[in-house]
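What you are looking at is a predicted structure, and each value in this text was computed from that prediction instead of being measured. For the numbers below, each heavy atom of this structure counts, side chains included, while hydrogens, waters and symmetry mates do not. Along the sequence shown, residues are numbered consecutively beginning with 1.
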Amino acid sequence: MKKSILFFLFLGAINSFAGSESNEKLYYNGTVLTLDKDGKVEESIYIKDGKVVEVGKSNDLLKKFGSDSIEKIDLKGKIISPGFIDIHSHFMNALRISDWANVSAPPVGNAKSINDILEILQEHKSKENIKDGEWIIGYGYDENYLDRNLTKFDLDKKFPNNPVLILHVSNHGGVLNSLALDHFNINKDTPTPKGGVISRVKGTNEPEGLLMEIAFLEVFAKLPQPSEQELLEKLYSAQQTYAKEGYTTIQEGATHADELKLLKKGANSNKLYLDIVSLPMVTDVPTLVSEYLANPHDKNINIENINEKFGKYNNNLKIGGIKLAVDGSPQGKTASFKEELKTSGPNGEKHWKGETLLNQETLNKVYKKLVDNNIKVWTHANGDNGIDMIVEAVRSAGGKKGDGRRDIIIHSQIMHPYQLDEYVDLGLSPSFFTNHVYFWGDVHIENLGEELAAGISPMNSANKKGLVTTNHTDFSITPLNPFMTMWTATNRVTKKGKLLGENERVSNLEALKAITTNAAWQLGEEDSKGTLEPGKVADLVILSENPLTTPKEKLLDLQVVETIKGGKTVYKAK
């Protein structure tokens with residue numbers, strides 16, 4: 001933690017591949033959504049050597065490219081869209097999640113009570129043959145859908161001989177049992193760090209089990225991990241998790257140093273078949289960043305830790321910039337708000353406004369250093385106060401519209417209209433998280449009041465102001481399903497069926513562009529991805545129905561039939 005603070009002052013169903021594929025393919029007798037500037041819709045697409053050559057009418061392309069040497073695929077009325085781009089998730093979670101217990105609330109999991117969580121953990125221990133003394137890890141804990149908070153006492157009662165950690169659904173914290181707390185030397189004498197939460201037993205200083213934000217960071221970093229070889233062997237199946245949902249470019253949105261090293265090894269051994277954009281955490285890779293910031297143009301610098309220079313793919317891996325985090329999670333009540341919540345804090349605090357992870361002066365210094373060295377910045381900011389902080393940092397660093405930086409504010413959740421105007425003036429681009437409306441909209445109403453909650457992820461307002469907006473799943477916070485992001489963006493219905501933020505609903509086309517063309521723009525890859533035009537990479541997804549004509553209420557019914565990366569099939573539904 002000391003190193004991280006110092007650095008802040010200086011500156012987070014598997015299917016096999018097709019064996020031998022033709023490098024020339026003609027897909028015909030379908031609907032091709034080019035998503036180009038004219039909104040062209042065609043029937044056929046011809047690709048060669050991994051690139052789009054031409055789109056057009058089926059009869060025309062069959063005549064032009066109908067030789068026996070070209071593989072011809074009859075779409076039989078199916079839909080082709082540009083491949084989906086995951087603009088913010090945590091790819092490394094896909095490598096680990098299969099070894100963890102899913103204690104999420106419905107519809108992601110089956111935990112409706114504390115007893116459900118304990119039973120799921122017991123089943124997991126038995127199924128995985130976890131012996132006494134070994135770690136039990138679960139994910140998806142969400143106190144908002146339980147009758148009370150999970151504590152170490154619940155876990156101790158059922159697992160007295162195993163250290164247990166249950167990750168909070170926000171990924172910003174977790175509940176530990178006594179053995180796990182002891183493992184990390186967290187006790188009644190442990191001070192609560194600034195920007196962190198250690199839940200205490202009422203009336204005492206004894207930890208109750210929940211750790212959030214800064215208090216949780218080092219715990220998470222020091223969790224036992226599978227071996228490097230085990231993780232490398234999981235790269236294929238982890239990418240399939242994305243490919244089966246239609247993604248051809250994916251993001252690792254908060255990469256730690258050891259994870260970056262693993263991704264580099266995977267790339268160098270040709271284990272990556274989807275494009276992966278890694279965002280190293282500014283706090284976790286001081287050697288990487290300080291070396292690059294000190295001499296960004298020195299070709300003799302050994303940039304071993306970052307695989308290649310920023311912004312350039314090497315064997316499907318690209319360092320897409322640096323990740324900053326300003327605040328925490330709105331559903332976990334650790335985002336930073338301008339006004340007091342209408343409910344108490346995560347540990348029962350009164351007059352609670354959430355937390356910031358660093359002060360304004362430090363944020364300004366770090367941001368200015370990155371801007372001065374032409375490094376793209378992706379900043380996590382959820383609460384309206386957190387958003388104010390990053391806006392101030394960008395302004396102090398000289399950011400402005402048209403400067404070409406395209407810095408991204410990830411989540412941009414609790415916003416006011418004036419903040420959207422500041423995004424316009426400073427050249428910022430938001431990546432929204434409309435899934436929150438469904439999963440936690442009812443919770444946000446309770447915590448924030450309906451008026452403020454209705455403005456969460458204000459995609460329609462942002463679009464009207466000319467901002468380039470995207471949408472993400474933040475996997476494993478919510479499911480990877482791209483049609484859910486479209487459904488939540490177009491419907492904005494909560495779990496309880498309440499319409500929340502009617503004026504912020506967008507069209508099907510805007511929702512699709514948020515995970516294709518606009519996402520390519522935020523990555524700086526609009527010249528090669530995001531639309532199906534001649535010369536661009538043949539990243540395609542074949543769909544069961546047309547997402548542009550499907551009634552918005554039915555978008556969740558859409559299915560991915562096949563995913564094609566660079567002209568080659570990487571997933572095909574059985």
Side-chain angles (χ1 to χ4, degrees), residues 13-18 33 35 78-98 102 104 107-109 139-140 234-253 272-277 316 431-435 438-439 470-490 508 511-520 522-523 529-530 532 537-548 550 554-566 568-574:
I14 298 172
N15 286 271
S16 300
F17 291 131
L33 307 176
L35 298 189
K78 297 186 190 68
I79 315 301
I80 285 186
S81 163
F84 301 141
I85 297 173
D86 157 44
I87 201 63
H88 180 68
S89 75
H90 301 278
F91 172 71
M92 295 303 297
N93 281 359
L95 296 174
R96 303 182 178 105
I97 205 166
S98 61
N102 181 0
S104 306
V108 179
Y139 70 92
K234 290 183 177 183
L235 280 173
Y236 175 81
S237 60
Q239 289 171 92
Q240 279 289 294
T241 302
Y242 286 78
K244 72 180 182 180
E245 301 289 356
Y247 293 102
T248 51
T249 299
I250 61 183
Q251 190 182 90
E252 207 315 296
L272 304 184
Y273 53 87
L274 301 179
D275 284 344
I276 297 180
V277 180
N316 298 99
S431 182
F432 290 126
F433 193 5
T434 62
N435 282 0
Y438 173 72
F439 283 98
T470 61
N471 205 358
H472 59 258
T473 68
D474 205 8
F475 176 80
S476 56
I477 308 304
T478 67
L480 272 174
N481 186 351
F483 309 117
M484 172 160 273
T485 68
M486 291 187 66
W487 180 81
T488 57
T490 56
N508 288 24
L512 182 59
K513 284 186 172 182
I515 56 175
T516 52
T517 58
N518 292 1
Q522 285 192 347
L523 291 176
K529 295 177 181 175
L532 298 178
V537 177
D539 287 356
L540 326 170
V541 58
I542 301 177
L543 306 174
S544 59
E545 305 289 341
N546 189 337
L548 300 186
T550 297
K554 300 291 186 181
L555 284 169
L556 284 173
D557 296 337
L558 270 63
Q559 299 292 322
V560 170
V561 176
E562 186 171 349
T563 304
I564 298 150
K565 171 65 183 166
K568 295 188 179 297
T569 296
V570 292
Y571 168 82
K572 193 168 186 178
K574 293 182 178 178

Between Thr517 and Pro82, is any pair of side-chain heavy atoms under 4.5 Å apart? no

Quick one, Tyr273 with Tyr236, criterion ring pair (Phe, Tyr, Trp, His ring centres under 6.0 Å). Give me CA distance, side-chain angles, the key distance, then yes/no. CA-CA 8 Å; Tyr273 53 87; Tyr236 175 81; 5.4 Å; yes

Please test Leu95 against Leu235 for side-chain contact (heavy atoms from CB on, under 4.5 Å), starting from the C-alpha separation and ending with a verdict. CA-CA 7 Å; Leu95 296 174; Leu235 280 173; 3.9 Å; yes

Measure across Asn508 and Pro547 and return the closest heavy-atom pair with its distance rounded to 0.1 Å. ND2-O, 2.9 Å

How about Leu532 and Leu33: do any of their side-chain heavy atoms sit closer than 4.5 Å? no

Looking only at heavy atoms, which two atoms of Ala243 and Val570 are closest? And how far apart? CB-CG2, 4.1 Å

Interatomic distance, His88 atom NE2 to Gln251 atom CD [nearest 0.5 angstrom]: 6.5 Å

Checking side-chain contact (heavy atoms from CB on, under 4.5 Å) for the pair Ile542/Ile564: CA distance, chi angles, key distance, verdict? CA-CA 8 Å; Ile542 301 177; Ile564 298 150; 4.0 Å; yes

Is the closest side-chain heavy-atom distance between Val541 and Thr248 below 4.5 Å? no

Least distance between heavy atoms, Lys554 atom then Leu558 atom: O-CD1, 3.9 Å

Hey, could you give me the CD1/CG distance between Ile80 and Asn546, rounded to the nearest 0.5 Å? 12.0 Å

Please work out which of the three classes, parallel, tilted or perpendicular, describes the rings of Phe433 and His472, given edges at 30° and 60°. tilted

To check you understand the geometry: which heavy-atom pair defines the closest contact between Ile87 and Ala519, and what is its length? CD1-O, 3.6 Å

Do Gln239 and Phe91 have side chains that get closer than 4.5 Å, going by heavy atoms? yes

What donor-acceptor contacts under 3.5 angstrom involve side-chain atoms of residues 475-482, with partners at least two apart or in another chain?
unit_1 : atom_1 : unit_2 : atom_2 : d
Ser476 : OG     : Asn93  : ND2    : 3.1
Thr478 : OG1    : Asn435 : ND2    : 3.0
Thr478 : OG1    : Thr473 : O      : 2.6
Asn481 : OD1    : Phe483 : N      : 2.9

Just so I know, are the side chains of Lys529 and Thr249 near enough to count as touching, which here means a heavy-atom distance under 4.5 Å? yes

How long is the straight-line distance from OG1 of Thr434 back to CE of Met486, given to the nearest 0.5 Å? 10.5 Å

Taking atom types as modelled, is there a side-chain donor on Ser544 or Lys78 under 3.5 Å from an acceptor on the other? no

Does any non-hydrogen side-chain atom of Met484 lie less than 4.5 Å from one of Leu556? yes

Tell me, please, which residues at least two apart from Ser104 pass side chain to side chain donor-acceptor pair (under 3.5 Å). Asn102

With rounding to the nearest 0.5 Å, note down the distance linking CG in Leu512 to CG in Asn471. 11.5 Å

With a 3.5 Å cut-off and no angle check, do the side chains of Gln522 and Thr470 form a donor-acceptor pair? yes

How many angstroms lie between NZ in Lys513 and OG1 in Thr516, if you round to the nearest 0.5 Å? 8.0 Å

Would you give the length of the straight line joining atom OH of Tyr242 to atom OG of Ser89, rounded to the nearest 0.5 angstrom? 2.5 Å

Does any non-hydrogen side-chain atom of Ile250 lie less than 4.5 Å from one of Asp275? no

As a quick check of understanding, evaluate side-chain contact (heavy atoms from CB on, under 4.5 Å) for Thr569 and Glu562, giving each step before the final call. CA-CA 7 Å; Thr569 296; Glu562 186 171 349; 2.5 Å; yes

Looking only at heavy atoms, which two atoms of Gly566 and Val537 are closest? And how far apart? CA-CG1, 4.1 Å

Qualifying residue for side chain to side chain contact (heavy atoms under 4.5 Å, CB included) with Asn316, from Val277, Ile276, Leu272: Leu272

